[in-house]
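Convention: sequence-line order gives letters A, B, ...; per-chain numbering from 1. Treat the numbers as computed from the prediction; the structure is a model and nothing was measured.
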Amino acid sequence: MSSPISTKPPSGMRDFLAPDVVRRRHVIAVVQRVYESFGFVPLETPTIENLATLLGKYGPEGDQLLYRVLHRREKLQRALAAGTATELDLADEGLRYDLTVPLARVVANHRDLPQFYKRYQIQPVWRADRPAKGRFREFWQCDVDVTGTASVVADAEVCGAVAEVLRELGFADFRILCNHRELLRALVAEAGIAPQQEALALIVLDKLDKVGADGVRTELAEKGVPAAQTDALLATLARAREPGQLDRFAVAEGALGKGARELQALFATAAAGPAGAHLTFDPSLARGLGYYTGPIFEIQVADLAGSLGGGGRYDGLIGMFGKQPIPAVGFSLGLERILLVMEERGMFPSLGIGPQVLLCRMEGVAEAAAIRTATALRAHGLRVELYPDATKLGKQLQYANTIAAPFAAILGGNEVAAGTVTLKDLAAGTQATLPPADVAARVLAAR
RNA sequence: GUGGCUGUAGCUCAGCUCGGUUAGAGCACCAGGUUGUGGUCCUGGGGGUCGCGGGUUCAAAUCCCGUCAGCCACCCCA
């Protein structure tokens with residue numbers, strides 16, 4: 001009986017049964033509608049990209065998490081025969097890791113796109129990460145991006161779009177944390193931290209909320225950053241959190257002032273849209289992805305350790321494909337994260353899609369007669385399941401309960417002769433024998 | 001990548017400490033309780049090489065080692 005083949009899906013990947021699918025579709029429908037209302041148009045790209053497209057865009061951690069697709073046939077045999085094959089020799093393609101890099105490739109490749117290409121994309125991505133709560137190896141992202149402009153309007157619009165999605169889904173308490181890569185780098189440099197330790201410092205700083213100042217001191221000390229520099233950085237960041245500090249940064253020279261002024265502009269502009277009340281300056285927000293250059297964003301809710309989404313400006317990424325540099329900004333919502341919080345908070349409306357009517361066939365009624373009746377009921381707009389066998393009525397009604405159909409329609413010899421069906425309301429226990437049009441009217445009225 | 005917890009029927013678990021008939025329960029599933037009426041109830045039934053591999057022993061679900069998988073926290077991210 002038990003099979004030697006595991007029936008579980010691969011680690012970090014899941015099957016979605018009807019109740020899951022219905023909830024996922026519900027969220028996706030809202031995302032799609034809101035994104036389109038902002039003027040974004042859809043894009044779908046292949047599951048698999050060339051490794052050259054993917055590698056070197058996300059930083060070393062990201063490269064490690066890429067699912068690679070093995071060479072086929074002769075190429076693989078040749079690589080293996082060499083005996084010294086490395087990962088790069090064995091694979092030339094990989095599963096997409098996010099939707100931003102494929103977008104960058106598409107924009108670099110299609111020169112006839114609108115100057116301001118506003119696209120949304122809702123597709124799965126894969127990361128060979130260790131699964132945890134709210135983290136999967138296959139998950140869906142809902143991205144909105146604007147390419148071809150460095151205008152703060154684009155930054156404000158992507159923030160507005162995701163904020164409106166969350167608002168329409170019923171979220172009220174989320175924060176969109178904002179920081180700026182250039183501002184952050186200026187603060188790190190100001191603390192005296194060497195440029196080659198900057199990336200390291202940024203990653204550790206991102207943990208400030210979770211591990212606290214002492215945790216950051218310990219971790220940076222282990223990585224060889226002098227304590228005096230760490231203290232200087234922490235002091236600077238603590239000051240940066242004080243109200244009005246962004247305005248003081250804004251009058252500074254160089255990258256510090258530039259970053260601060262760009263954030264000020266973003267806050268001022270986005271305030272006129274749905275994101276306004278949710279934007280929060282967080283000087284310790286760093287974000288791991290390598291390609292961000294300007295403002296960076298992350299959506300936070302109190303009851304989830306991870307984020308609901310993230311994004312930022314990446315003015316250098318499209319240019320990495322060897323064509324002209326094109327500025328871009330985008331935001332990504334994590335479908336599973338949103339679903340997780342909505343499930344935990346009980347935020348879903350009732351979303352039934354199963355059959356409204358189970359059509360029961362009595363013994364002696366021809367299969368064709370049942371098909372004919374089911375077809376008539378369906379033509380009136382009902383979702384109808386036809387019980388396959390003419391078994392005992394009790395068994396058929398029991399099955400109706402099992403699949404949670406609110407009505408049963410009974411087709412016996414009498415009904416066939418009269419051109420009627422007996423409609424039974426399974427919750428109330430009442431029933432009436434009616435022509436199909438009246439059956440449909442009653443079922444539809446019961447919703 | 002680090003630390004911890006857990007793997008026994010489709011699902012949730014008991015049994016393990018102190019090895020000993022044929023490994024249990026609830027739910028689910030199937031069949032019956034005669035005619036075209038379900039949810040409750042009663043009776044019966046199918047379904048497990050106790051995650052996998054090795055070791056100790058007369059004897060292992062139970063003890064020991066290894067391994068794989070899942071979950072939680074951290075890290076990172078969506």
Side-chain angles (χ1 to χ4, degrees), chain A residues 1-4 6-14 17 31 58-62 64-65 97-100 122-143 162 202-204 206-207 209-211 215 219 285-290 292 296-301 304-312 330-341 358 360-365 387 390-416 421-431 433:
Chain A
M1 177 66 195
S2 73
S3 164
S6 171
T7 52
K8 289 177 185 167
S11 176
M13 307 193 182
R14 297 161 300 158
L17 300 185
V31 172
Y58 306 107
E61 325 79 34
Q64 291 302 315
L65 298 180
Y97 177 93
D98 72 357
L99 303 178
T100 307
I122 303 170
Q123 287 192 279
V125 303
W126 292 267
R127 297 182 187 177
D129 216 339
R130 184 162 172 175
K133 183 180 182 184
R135 186 171 72 196
F136 305 95
R137 288 181 169 178
E138 177 179 62
F139 62 98
W140 285 56
Q141 294 194 316
C142 312
D143 278 36
V162 297
L202 291 183
I203 289 172
V204 178
D206 201 36
K207 307 175 191 173
D209 285 355
K210 295 152 193 162
V211 299
E219 202 161 332
L285 176 69
R287 295 192 56 75
L289 290 178
Y292 291 121
I296 48 180
F297 321 116
E298 193 162 292
I299 302 175
Q300 199 181 61
V301 289
L304 185 73
S307 62
L308 291 187
F331 219 125
S332 177
L333 289 174
L335 179 63
E336 284 73 10
R337 298 279 170 85
I338 290 171
L339 286 160
L340 181 71
V341 175
L358 178 75
C360 304
R361 172 167 61 101
M362 303 309 303
E363 201 178 347
V365 173
Y387 196 92
T391 54
K392 293 198 305 188
L393 182 57
K395 187 176 172 177
Q396 299 192 47
L397 293 175
Q398 176 53 53
Y399 183 73
N401 290 330
T402 303
I403 63 171
F407 292 93
I410 302 162
L411 187 66
N414 301 336
E415 286 86 354
V416 172
V421 190
T422 297
L423 180 69
K424 183 176 178 85
D425 181 327
L426 290 167
T430 56
Q431 66 183 54
T433 301

- Task: In sequence, state the C-alpha distance, the side-chain angles, and the governing distance for A/Leu358 and A/Phe407, and then conclude on side chain to side chain contact (heavy atoms under 4.5 Å, CB included).
- Result: CA-CA 6 Å; A/Leu358 178 75; A/Phe407 292 93; over 6 Å; no
- Query: What's the verdict on side chain to side chain contact (heavy atoms under 4.5 Å, CB included) for A/Trp140 and A/Val125, showing C-alpha distance, side-chain angles and the deciding distance?
  - Reply: CA-CA 6 Å; A/Trp140 285 56; A/Val125 303; over 6 Å; no
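Of all nucleotides present, only B/C30 satisfies the Watson-Crick or G-U wobble test against B/G44, with each distance under 3.5 Å. Base pairing of B/C77: no nucleotide in any strand meets the Watson-Crick or G-U wobble criterion (both distances under 3.5 Å). With a cut-off of 3.5 Å on both pairing distances, B/G19 has no Watson-Crick or G-U wobble partner at all. Across the strands present, B/C63 finds its partner in B/G55; the criterion is a Watson-Crick or G-U wobble pair with both atom distances under 3.5 angstrom. The nucleotide B/U35 finds no pairing partner, because no Watson-Crick or G-U wobble arrangement with both distances shorter than 3.5 Å includes it. For B/C5, the paired base is B/G70 (Watson-Crick or G-U wobble, both distances below 3.5 Å).
At a cut-off of 3.5 angstrom, counting only N and O atoms as typed in the model, there is a donor on one side and an acceptor on the other between the side-chain of A/Arg135 and the base of B/C76.
The CD1 atom of A/Ile338 sits 19 Å away from the P atom of B/C77 (whole-angstrom rounding). We find that CZ of A/Arg337 is positioned 11 Å from P of B/C77, with the value rounded to whole Å. When rounded to the nearest whole Å, the span between CG of A/Leu304 and P of B/C74 equals 11 Å. One atom, CZ of A/Arg14, and another, P of B/A69, lie 18 Å apart when rounded to the nearest Å. A/Asp129 places its CG atom 11 Å from the P atom of B/G1, with the value rounded to the nearest Å. Straight-line distance from the NZ atom of A/Lys133 to the C1' atom of B/C75: 17 Å, rounded to whole Å. Counting to the nearest Å, the C1' atom of B/C76 and the CD atom of A/Glu298 are 10 Å from each other. As a whole-Å value, the separation of A/Phe139 CZ from B/C77 C1' is 7 Å.
Taking atom P in both B/A61 and B/U17, one finds a spacing of 12 Å when rounded to whole Å. Between B/C5 and B/C65, the two P atoms lie 13 Å apart (nearest whole Å). Spacing between B/U49 and B/A23 at atom P, rounded to whole Å, works out to 12 Å. B/G66 sits 43 Å from B/C29 when the P atoms are compared, rounded to a whole Å. Comparing the same atom, P, in B/A28 and in B/U40 gives a spacing of 7 Å after rounding to whole Å. Going from the P atom of B/U62 to that of B/U56 covers 15 Å, rounded to whole Å. Going from the P atom of B/G51 to that of B/C13 covers 15 Å, rounded to whole Å. For the C1' atoms, the distance linking B/G24 with B/U8 amounts to 10 Å, nearest Å.
Here A/Leu65 contributes atom CG and A/Arg137 contributes atom CZ; the two are 9.5 Å apart, rounded to the nearest 0.5 Å.
Looking at heavy atoms from C-beta onward, A/Glu138 lies out of side-chain contact with A/Arg14 at the 4.5 angstrom threshold. A 4.5 Å side-chain heavy-atom check between A/Gln141 and A/Thr100 finds every atom pair outside the cut-off. Inter-residue side-chain proximity for A/Ile299 and A/Leu333 is flagged as met; some heavy-atom pair is nearer than 4.5 Å. Looking at A/Gln123 and A/Asp143, their side chains never come closer than 4.5 Å, going by heavy atoms from C-beta outward.
With sequence neighbours left out, A/Gln396 forms a side chain to side chain contact (heavy atoms under 4.5 Å, CB included) with A/Cys360, A/Tyr387, A/Thr391. Here A/Glu363 pairs with nothing under the side chain to side chain contact (heavy atoms under 4.5 Å, CB included) rule; sequence neighbours left out.
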- With sugar-phosphate taken as primed atoms, P, OP1 and OP2 and all else as base, the protein-contact string of nucleotides 32-44 of chain B at under 4.0 Å (heavy atoms; B, S, -) is -S--BBBB-----
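Residue whose closest nucleotide on RNA chain B sits further toward the 5' end, between A/Pro131 and A/Arg137: A/Pro131.
Nucleic acid contact class of A/Leu333 (heavy atoms, under 4.0 Å, all strands): none. A/Gly310 comes within 4.0 angstrom of sugar-phosphate atoms only, judged by non-hydrogen atoms across all strands, and of no base.
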